[in-house]
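Written out below as structure tokens is the structure these notes cover.
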Amino acid sequence: MSNSHAEQSSGGLLQNRWFHLVCAVLLMCMISGVQYSWTLYSNPLKDKLGVSLAVVQTAFTLSQVIQAGSQPTGGYFVDKFGPRMMLIISGVMVLVGWSLMGMVNTVAGLYALYTLAGAGVGIVYGTAINTATRWFPDKRGMASGFTAAGYGMGVLPFLPIISSVMATKGVSSAFMITGFIEGIVIILLAFVIRFPAQQTSGKKVITENDFTSKEMLKTGHFWVLWTAFFSVNFGGLLLVANSAPYAQSIGIPMATITIAVSIQNICNGGCRPFWGAVSDKIGRFKTMSIVFLINSIVLFFFPIVSKINSGLFIVMLALAFFTWGGSYALFPSINSDLFGTAYSAQNYGFFWAAKATAAIFGGGVGAAVATALGWQAAFTITAATSFVAFALATFVIPRMGKPKKQPKEEPEKAIA
């Protein structure tokens, strides 16, 4: 009798949408450091390998690109079979890739392991964000915002560990310890997280509002939204990869940089449920207009104001991340709003390609532009692209209405 009661209690928990939201947030926390702690590793790796910053930051770019490449494929299997199998596989990829990165002595080895970890991150991210939007169809902005906040803020508990281990045992141990924790927790969560019952019972409910990826890619809505997502990611990813190197270039002490990186991630994560909830109230596109315009202004003035003193550097960094991070609450919600949930994991993978494309600038190319033309030029470019995102969200997307599927072509009848 007690066993039966325990099974019922467990089943009730596994059907509780708030439980799954917590699991989705924890998944995001475990992959957060693969991106947001990178800025602390970049200079030590540059010194260890004896190469330029641009060469090291190319590893960041490759990782972002493979994140996008893994999401549509991983999302296909997640949509079809549920999240467990793909989460186990991706957990192993993160564990192996991130844990071993500090042990490599060649650039090729660094690139290979960071892309392996990045592929795992892409699958986990897509699974987590779509878990949230599927369980909360009535509060997608809020749910995706909290989940995305895990990605933005989940690195915070790891930052003091990384700094302490780097100082005492070196960069290799920092990679090993954090990679092991991240990979194991992802694998454990794979055994409890699931989508709503109707979506994993083998009888998926598909409505007229559900677009396959092929149908979605034929709509103008997707490509305009993709361009906006790509545009706003320019500046954010430049700062993700280069905030610490930039701070060092203007003479800010390393202790202050560590504090600034912590604050940037608090703002990056904390803004996501905030902007998501705002979008539930006033609409996705109005929220995008506000966020992207402020982000554009902040990025233009960033290198001017941040040079004045350390306090203003921290303030400008916080504002840049508070506005950029909101995009990760808005675009998953828009994906489900416009294209449905039946294929949302795979569909969002195609959106994620916008971020990966922007990472080409934010990583190696961004560092190279800053080296050749100066940081003001690099930030002016990113301010302009964020303004493009603002213009699309304000003047183009709201006027497009709801997307419509193209009518299926019927075979021509033979003429008698």
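Bear in mind that the values here come from a model prediction, so they are computed numbers and not experimental data. Note: hydrogens, waters and symmetry copies are ignored here, and every other heavy atom, side chains too, is used.
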Can you check whether [X] reaches [Y] side chain to side chain, under 4.5 Å on heavy atoms?
{"X": "I162", "Y": "Y41", "answer": "yes"}
{"X": "M28", "Y": "V25", "answer": "no"}
{"X": "L239", "Y": "F302", "answer": "yes"}
{"X": "T131", "Y": "T147", "answer": "no"}
{"X": "F222", "Y": "F339", "answer": "yes"}
{"X": "L159", "Y": "L40", "answer": "yes"}
{"X": "W324", "Y": "N233", "answer": "yes"}
{"X": "N335", "Y": "S344", "answer": "yes"}

Verify whether one side chain among [X] and [Y] offers a donor that lies under 3.5 Å from an acceptor in the other.
{"X": "T287", "Y": "S279", "answer": "no"}
{"X": "Y246", "Y": "S306", "answer": "yes"}
{"X": "T380", "Y": "Q376", "answer": "yes"}

Taking the six-membered ring of F229 as reference, does the cationic atom of K355 (NZ for Lys, CZ for Arg) lie under 6.0 Å from its centre and within 45° of its axis?
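Judged by the rule (NZ or CZ under 6.0 Å from the ring centre, within 45° of its axis), K355 is not positioned above F229.
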
Are [X] and [Y] close enough that their ring centres sit under 6.0 Å apart?
{"X": "F350", "Y": "W223", "value": "no"}
{"X": "Y125", "Y": "Y151", "value": "yes"}
{"X": "Y114", "Y": "W98", "value": "yes"}
{"X": "F158", "Y": "Y36", "value": "no"}

Just checking K48: does its NZ atom have more than 12 heavy atoms from other residues, nucleotides or ligands closer to it than 6.0 angstrom?
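Check passes, neighbour count above 12.
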
Please determine whether the number of non-hydrogen atoms from other residues, nucleotides or ligands lying under 6.0 Å from atom CE of M103 exceeds 12.
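Counting other residues, nucleotides and ligands, CE of M103 stays at 12 neighbours or fewer.
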
Residue pair A329 / S144: nearest heavy atoms and the distance that separates them
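Minimum heavy-atom contact is O-OG, 2.9 Å.
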
